[in-house]
Structures are given as structure tokens and as C-alpha cells.
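Please read the structure below before turning to the comments.
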Amino acid sequence: MADTPQPPGTLPPGTPPGTPPPGSAPAERPGNREDQQIHLTAVDEFLAWGKENSLFYLLFATACCGIELMQAGGPRYDLDRLGMIPRATPRQADLMIVAGTITHKMAGRVRTLWEQMTEPRWVVSMGSCANSGGPFSKWSYSVLNGIDKYVPVDIYIPGCPPRPEALIDGVMALRARVRRYRTLGERDREPLVVGGADAPFGCHFPKDAPPGARS
Amino acid sequence: MTVEATTPSGERMTLNMGPQHPATHGVLRIVVESDGEIVASCTPDHGYLHRSIEKIGECVEWPMVVPYTDRVDYVCAMNANLAYCVAVEKLLNTDPAAAVQVPLRAECIRVLVAELNRISSHMVAVGAMAMDTGAVTPFLHGIAQRELVNDIFEKLCGQRLTYNYVTVGGVAFDLYPDAAAEIARFLDQFEIEMRRFNKLITANAIFRDRCAGVAAVSAAEAIAWGLVGPNLRASGVDYDVRRDDPYGIYERLQVRVPVGQGFAGRRGKVGDCYDRFVVRLLEVQESVRLCRAALAMLPPPADGKPADPVGGFQADVKKLLLRPPKGEVHCRTESARGEMGYYLVSDGTKVPYRVRVRTGSFSAAGIFHHVMRGIFLADVVAVIGSFDVVVPEIDR
Amino acid sequence: MTVIAIGTAADGAPAGPGFGYTVDTLAAWLAGGQAPGAFATGVAIVVAWVVPMLVLVFPLAALGQIAERKIAAAIQRREGPNSAGLDGPLRLLCRAVLFFLPRPRQDRVFERLSALPVVRTVLATARRIGLGQLLADGVKMLGKEDIVPADADGVVFRMAPYLAMVGAFLPFCVVPFGHHLVMLESPVGALFAIAASGITVLALKMAGWGSGSKWSLLGGMRAVAQLISYEIPVGLAVAGVVLWCGTMDLHAIVGQQYRDGALTLLGWNALQSPFLLLLACILFFAGLAECQRTPFDMAEAESELVSGFNTEYSGLRWGMFAMAEYTEMLLVSALVATLFFGGYQSPLGEQWIVALPVWLSVPIHAVLLLLKMLAGFGLMMWIRWTLPRFRVDQVMRLCWLSLVPLCLLALLGLAAQLLCAGGATLGVPYGRLPARLQPDLGMVGHLVGWAVPLLLGGVVVRAARRRHGQMHPALRQLTGGAP
Amino acid sequence: MTQAAPQFATLPFATLADRARTVCAAATSRTTDNGQPFLLVPAADLPALAQFLRDDAALRFDALMDLTGFDLLKYPKAETPNAIAVLYLLFSYRHRHRLQLRVLAPRELCTVPTVSAIWPAALYFEREVFDLLGVTFTGHPSLQRIMNPTDWEGHPLRKDYVYPDAYHGVAHLREGQHFETNPPRAGDPPPPAAAPKPPGGHA
């Protein structure tokens, strides 16, 4: 298995699901590696464990992806398993899932909501409309092509709408990033694309997936 | 309990509900003038999800518009597809040379998926209204049922929410082998589940008192303000496009139309929030009956020949669809939120000249200003829920 | 019907600062024989008050929050939190204990430790029931940015959560957890409990006003209106029990509910008279309104007021409001249990517990009271995830037009019952029939006491139902009845 | 609840047009290119005709199902290409018959009298037609944009509309994103020969 030629960018099998495919994230910057954290303390790691297991997401569903976000909170996929409850006010939310199309008229509000959230905060861009305007990027005059023009995005989840499993895959990738959050350490701001361009899209792979595909 | 529009304490406070507000379904913003508890006046503000579907309709070819109709009403996307495809077929039929005959099996599949999607759309509508009045559990039970419908649709056309399944001249794929059995199983367990759902929330005294007599819309008002669908029928107007202006094979299925009769009893009025809630639940029962009728009428598949007039699932429209005849057509179908009217203008080229879609939520949003005067702040939320407003249908 | 003489100083408690048996004995023991000084009293008070709080109430409130999410998940047919176990704290413990080892070695030790079968099963079950979820929430809130909105009133904004905690924890001083396990044996315990829980009103209004946002202002106004008006039914319900038991000392009230024989249950106040049962339900229902639980949670109604008075709160301040709410729920359940359902006494056979030595009977009593509190707690959560929310005017109409009249009716009935049937009251001098006029009807009086009010109640309910009208045929068909 | 199908006094288009002409003589009945009949009405006497259509016992058009419009600029062989057609799709719940009124508004002086006093549903429809097509409805109580932000220039559904290249200083397209000229965009750069595909990452 190990010596079969791997397509570029795929991960060796057995890596934890949350880690980003090498192709999508830039080379690790020097200050970012585990043992080079200057203020690495056990308590910081424990605080990160707390943050990872209790990400309250902002109730912010605009379009079709909003319905998939509700389904992800519903009985079958249940984001509450991961400790994520929807909060109505940005003050009590750590994570903003921008689910759906953001038009120019709405863009300013997205920025205000992000500013009202309390640090440490993360942004997940769910769906192609939020990533890059999606099906409306070419012919629509009123749709903002990508919310990263207004707010810093941590995780991009492609799909129109992405399945709840893809959303949870994105959340697991975000949890991997939150696990590395150090209060005084340097935050990695590089955006990460779930199921990036070179890895096959989607998080649940048909049985006859190519050998190199992520498990 | 009539409360005059000017609040008793006199001084006004402007509250801004939305565009990100737990109760407004999506990005609907309402500026409320109130003294804190009683609403003096409210002005909705739209356009936060205006994706210009109608302008896109003038840039893409005829069959490419279908995926965008999914995104006009993503809660009930099958009906949205069906509305556009029936309109284009009617446009093609105006010229006898380009007439299109949809196979019987495709018509049955269309009714089947449209009614199933109406069920799952009403479950979200009814659940969201219950959540607006504070009961979270019915919403999650509603979503659980919606998941089962999503499974069926996923096997059918690969997508859970925006299906792009109904195409001009038929449907994209035939039913998978045990689709009929699976749908029948779903319908049986769904009826049992609905009884429990109704005991939990519909017959609940607190919920009934919360919605009884709130924002009652008389029949004349509903017609004048252009309400359609469940909102119109709850006000006592007995009109349903599937029965009174039938398309496809709806005239062969006896469509029974539930009408609002002041279900809330002593304190309720015809056309109040509770009536709209109950009419949707009665419509869900009708849809279950229609699904079973469509399953019974389903002819066996014509193995191999998609365009077979009886067993096929797709009429042969490839060359016809390239250039529909020049002219205009107005066509209406009954979506979950009422009459979805398409006005198509074709100039004989591959690209539509004008695609106009009139949706039920647009006129429902129009009546907010008229209806939400003198009610409580908590009722503003219940009224929005009762009109079952989906924001992309308003903003398109 | 023997009544154990539960005097305060009667059974030879040592002379102490007079705060009650527990504090006095502690102070005397600390002072080692001579009269306890200020320091010994202070330490005794702190230990007597802080230990029950930290050991009994605080963890229960914390576990309550986890239970709430698990119960909500069960009702909504979903899984509930099952990803936060105890692996995080265990890893921190390993790092702390093995501070001398380099990090990779510490990680290897942790892996080997968590691979042990016993530890693995403990970690797995903790993860499955979501034991670490509240710890994770608390730890995350610790790390959140501390925001005080610009146009907020700083001092008021910061004080509100602390006052909310005070209002929730203070009334626990008078709740007896065991024969002498009560922090403050005051002869006016019931009155103190109601008064102390009034502080929460102030805290909510401060939060509403202090946050400087319209939504929280509305939430604060609604909270004040609701809590103040529901103090009346709570007060009247407690007054009914005081009228029946003749004393306001919670310790004595619990003592009165003691009966010999297997079924101490029969001695409970709630089963003494239908009016007392009605008052028990009213106290529980009004208690729900006191802690703004559905169907009375308009103060923090998510769907209308975004998040009511705690819209602007984030991080640990918001956590304090949540902890105060859950502690208040425990307080209401404790009061209902103490006043109506026999406090710390076991329902079946109290005498064998009393016969046990003190160091065994007191913990058992405490556990029994905790179980009754948990029962009330679970009922509140069940109600929350089933019922929708009242509107503001319906809450007020319910309080003033139905709960208060019902309470007054119940008081009237109790007084009539006391006059004619001579209820089981400890010798309270005032207002009693002269002994010779007091017919001791015993069981017959008891049965008549139950039959007459129930008949009257049935007539009233049937009339109301007829006036309200039948359910619409379409609704009956929807809920599965005959169309 | 099986309802018997009630009978309706549905009138064909010809009788509807004749009765309408009794009130507004200038109304001419026309058909579209594929034979759909409609009534072409001059803008001036639209309110009077609308009032009559709604109040007349035999017509009773109590519902304005749709009020929309389209730009005739690029319609092949349109008689008045320099106009915007405003359509009124009327329906009568009482008699179950339909009628389409059409008013041609010239592009420069694009004003049509409002019918919101007769059918309140027109309040929102007229605001949308004003926003997307630029037809001002005189007498409308609050005629302002409903879809686009209030400071949006131009009316998007007109055939000669040019897409803006930025809004509030934020570029409309992403860097490296370019489309050929359909639809026309402001400041369209000449299409580059072949956009180099960025290595590894996706566009």
C-alpha cells in the first residue's frame, strides 16, 4: 500500500481526519510548529481542549446552506454531540458559520456581526456562495463573490449546499486548528479548504474510492 | 382583544429585528416601532438575499435556468422546478409543431416528488412556527421527518436540497428499483408520527392561546393583498391551483382542499395564525393521500426507452428546447407556499428574453405591514412563522 | 401520632453564638471548651455555609446543566453531547504530576495510562455521557474576551452576575439538609427564603439596564414584571403551609411531617389536604416563573429578544447567569420538597434512619433531599423541552387572575379545615378553638377534608370546560381521534 | 370534506375586452406573438379602468395576481422598441376568469399611475418594478427600492444595464476571475490571452 504512487497532495492513509491535505496549506511557518511555541504550558493546552469541545456557533443561516446547517443541528447529524450549540447573540458565539449567499447589501452586516463576536473567534465559510459567489458569481450583479473580502475565513467548505457530513468534516478540521490555539502563541491564519481541489470532494467516500483518497 | 395601533404608553422605541435574528427565517429585517411590548407599526426591509434570479434567467439558456429555480425556493425545490418546467412546456405547446407530450410515468413521478417535497416543506414551516413560540422539540421532530424524505430524494437524484430533478418534458432519472416500497413505508410511519406531533403541539393549550385570534386576515383582505396558498385558504377562500386550474395529471387525482374555519375555538377567528398552522397540517394529510394515489397510478417502466409515451420518464425535447417558439406565456402551479406563477417571454433564441417568477412569500411579506399593527412583540415572531415566509422567495 | 421534639436549644445544644446547632457545636469544638470567640465563630460559619454549598449544591447545579442537554437530546431523539470526556483534565493532571519529565515522555505516560482497561472504560463512559462538557464550557468561558459594551453602565453591568448568584445561593442557608445539617436555624426560615430569592429580581434588572442595548432592556423589564408578580403566589403558598404547620421554622415544619410506621409518606403536608396539594402545585409552577424557565422564559426568550437580558454578556459573566438559573431551580425544588414533601425524610419508614448513628443518618438524609431536588429538577427540564412559551400578557393574567385567587381560595379552605377538623398542628396558641369544642374526628375528618373540596373543584372544572367548547372536529382528526 | 364543484360565470376574453372598452374606449385588444390575448391600455386612464374591472359585478377582478414588466429594447420586431411593457395579470376568484392588461411606458419618461389604491398587493409589485426596471408609479405611498440597496445605480433588468465593477469600494469579481462580455461589465478589461492556471491550488 505504501509504495503505490500517491496522487499529489493526498495524505498517507491513517492520518487523523482533521489534518489539512498538504497541497492546500502553505509550508508551516517557523514559529508555528508544536515544540517551537514559546509560551507552551500545560494549562494552555487544557484551555485549548476546553475551547475545542465547546464551540458555540452563531445562528446565521441566510440561504440553502442554512437549511443544511439546521439539518446538521437536527436529530441525525446533531452538532450538539461535538458540544456546539447555536447562540443567537454574537457575544456568546465563538464560531461564525456563514451558511448561504452573502449579497452586497448584507456584506456590511456580516462584518458588524464578526466585530461583535468575542475573541478567540473563528469563521467557517459554508457553501460555494460564501466561498466565491458559487452559482451566482458570474451572472449576478448583487452577490458578493466570497466573504473573505469582509471577514478573515478559517475554513472553506465547498458544496452547493455541502452535506452535513461535509460541514462536520470542516468542523473537525477547525477543531484540529483550535487544538493548536495558544493564548500567547501565534495563531495560524492560513485558510484551509476542506476536501481541497486535489483531494476528491466530499467527506464520505464511495466504497470504490481510489486507493490514495483520504480515509 | 383589539389594541389600537398607538401604544398606550405613547413613547415609541425603534427595534431592529434582523437581518440576523433567530426568528426571521433567513435574512429578513423588520424595523419595529413599539413601546417595548405592543407594536405600533413595522416595516419589513428586503433585498438581503436578492440574487437576481430573473436577470440570470436572461443570461443562461432555457434548460440551465432549472438549477436556479431550485434556489428560488430551496425548502420546496421540487415544486419550484416543476413550476418552471410546466411553464416552458406550456410555451412549447403554444406552437403545435413544437408540442411536448410528457410520458404518463414522468407525470406520476412528478406528482409523487412534488407532494413528498410539500410534506417536508410544511414540516419545516410548522416546526419553525412552533420554535418561534418557544417549543423547540416539534422543530426537531419535523426535521427528523425531513431527513427521511431527503434520503429518498438523494437516492432518486443525488441531492438533498436543490435537486435539479424535474426537467422540461419529464424528469431527469427514473425511480430507483424499490422507490415505491420505500415511499410507501415512509408514508405509513409518517402518519403515525404526525399524530404524535399534533398531540405535542397542535392540541397544546398554550400554543393555541398564543396563536388564537392573532393577525386574523379576512377573505377579502387576503384576496386584495394577493395572498396565495395556505395563507389564502386559511382565510376561508376555497381555491387551489391543483384542483381549479389543474396541470399535469392533477385533474385525475381528486385534490381535496382544506379551508380555515376558525379552528382555535372560542378565542380564534377565521384566518388567524392558528388557522394557517392547522391548514398546513391538513394539507400534509392531503399530500400523503395524493402520494398514495400517484403510487397506485404509476405505470411500469418502459425498459430502455426513456421517451415511451406511457412507461418512459423523459419526452424527447432536445432539439425543440434549443429554440422555443417566439412569444409569451403565463403559467401557474401550486407550490408549498402557494401559487407560483411564471411569466416567460421567448424571442426564439436559445436564451429566454424574460423569466418572471411570482412567489407566495412575496405577497405574504407585503401584508406584514398591514397585519402587524397593535400586536405584541412576541406575536410578530409568531406571525412571521405562520405566513411561512422563505426569504429567497421574497428577494429572488 | 408522636412528634419528635425537635427543639433548637432544647436538646442540650452547647451555648454558642446562637446561629443554630451546627454552627454552635462547630464553634464550641473550635474554641476547645471555653466560649467561642469571634474568630472561631467566623470559621464555623464559613465552614458550615461554604461546605454544603460546594459539596452539595454547586456540583448538582453543574451536573444539572449537563443533564439538561442530555434530557433535551433524549426528548428530541438525538444524541446530545458525547465528545467531551475527562481526557483533557487527565492529561493536565499527568503534566502536573510528571512536571519533571519532558513533554513527549509525559504524552507517552498519558497514552499508556489511558490504555489501561479500567481507565479506558472510565474515560469512555465519561465521554459518552458528556461528563466533561460543562468543564469544557466553563474552561472556554474562562478564556473568552471580557467585553463591556461602550454605552453600558460599567458598574451595574459587572455587578449583575454576582448579585444573581447571591440571590440564588443565599436562600439555601435555611434549607435543612438533615436533622441538624442546616446552616441557619432561624425561627423565620420560610420568610427568609422568599426574601433572599428576591435579590435575583434586582440582578436581572441591573443586567437589563446595564447592558445598554434595547433587547436587554426589554428582557430586564419583562423579568422584573414577571418575578415581582410571581412573588405573590409563592408567598401565599408558603403562607398556607405556615398556617397549617403553625411555625415558619423549616426545621420544625419537616419535623411535623414525621409519621411512625412504614409509610411516613402519609405525614407529608401535600397529602394532608387538597388545598395543600393545590398550594404545592402553585408553588412549583410559580417557582418555574421565578427562575424564568419555559413556559415562563420571556425574559430571555431566544426567538424574540435575541437572548433577553444576557444579550450583551459573554464569557464567564454569562456562565454565572446560567449557574444562578440552575441553582435557583434547585432552590425551588428544595423549597417544594421541604414544605410539602417531607424535606429530608424518607417516604418509606423514617424511624430506622433516625435510629442510625449521626454520622450515617445525616448523609442519608442529605442524599434523600438531593434526590427530591433532582426529581423537581428533572420535571422542570421535561417541561422546558415540551411546552411553548407564554406571552407577556398571558403570564400576567395567569398570575393575577388565576394563581392568586386559587391561593386565596386554598388559604380559606385550609382555615376552614383547621377550624372544624382540628388539623395536626403543633400547639400554636393563637386562634385555636377551645379544646372542648375541638371534635377529634380523626380519619373521618381527614376523608371529609378531601372529599368536599374535590367535589367542588370537579363542578367548577366541568363548567369551565363546557363554556370553553369542544375541540374542532378537524383538530380531533389531526390528533388521531374520530374525525 | 368532498366539495361539489361550484359553477362559475367565466367569460371569454372577447366579452371581457368589450365590457372594458365600454369604460376606456382607447383600450385595444392585441395578441402576443404566440397568440396569448391581452388588452393594451394607455397609461392615462389605467386607474379608471382598473377600478371598473374590480367593482363591476360581471367582471369582479378582485385579485392582481402579478404586476411585472419587461424591456422591449432587444425584442425582435417590437413595434415600440424604446419602451418598457408593464403587465397586469388580473384574476377573479368569484368568476374564475383572467385578463392581462399591458401599458407601454417610454424609456425616458417612464411613469405609470399606481393601482395600489385599488389592489393593495400592487404596493410591493410596483416597488419591485420601480427597482428593477425603473418605472416610476405616480401616487405610490412609499416608492423606494425593495431589492437593491437604496444607493444602487441603474435598473438591472433593463437590457442595456452594465454590471458595476465594485460596491462600496469592494471589487465585484475576485482577483484572477474574468468572464467574457456576457453580461456587459463596467471597466471590462480586454480578455487576456490565456489566464495562467495557478500551480497546485485551485482558482
Inset, instruction - Could you tell me which portion of D:Arg158 (side chain, backbone, both or neither) has an atom closer than 4.5 angstrom to a non-hydrogen atom of chain B? - result: backbone

Legend entry - N/O donor-acceptor pair under 3.5 Å between B:Tyr353 side chain and D:Tyr75 backbone: yes

Inset, instruction - Could you tell me whether the side chains of B:Tyr343 and D:Gln100 share a donor-acceptor contact shorter than 3.5 Å? - result: yes

Legend entry - Toward chain D, the part of B:His46 with a non-hydrogen atom under 4.5 Å: both

Inset, instruction - Examine whether an atom of B:Leu49 lies under 4.5 Å from a heavy atom of chain D, and if so say whether it belongs to the side chain, the backbone or both; otherwise answer neither. - result: neither

Legend entry - B:Asp245 versus chain D, the contacting section by heavy-atom distance below 4.5 Å: side chain

Inset, instruction - Measure distances from B:Leu227 to the heavy atoms of chain D and classify the residue's part below 4.5 Å as side chain, backbone, both or neither. - result: backbone

Legend entry - D:Asn34 side chain near B:Leu91 side chain, heavy-atom distance below 4.5 Å: yes

Inset, instruction - Decide, yes or no, whether a salt bridge links D:Glu128 with B:Arg356 under the criterion of side-chain N to carboxylate O below 4.0 Å. - result: yes

Legend entry - Side-chain donor/acceptor of B:Lys326 to backbone N/O of D:Asp33, under 3.5 Å: no

Legend entry - B:Leu232, part contacting chain D, at a heavy-atom distance under 4.5 Å: side chain

Legend entry - Presence of salt bridge, D:Arg102 and B:Glu328, under 4.0 angstrom: yes

Inset, instruction - Indicate yes or no for a side-chain donor-acceptor contact from B:Arg358 to the backbone of D:Leu67 under 3.5 Å, with no hydrogens or angles considered. - result: no

Legend entry - Check: B:Arg332 and D:Arg98 side chains under 4.5 Å, non-hydrogen atoms: yes

Legend entry - Proximal component of B:Tyr239, with respect to chain D [non-hydrogen, under 4.5 Å]: both

Legend entry - Side-chain heavy-atom pair D:Tyr163, B:Lys55 within 4.5 angstrom cut-off: yes

Inset, instruction - Identify the two heavy atoms, one from D:Pro76 and one from B:Asp347, that lie closest to each other, and give their separation to 0.1 Å. - result: CD-CB, 3.4 Å

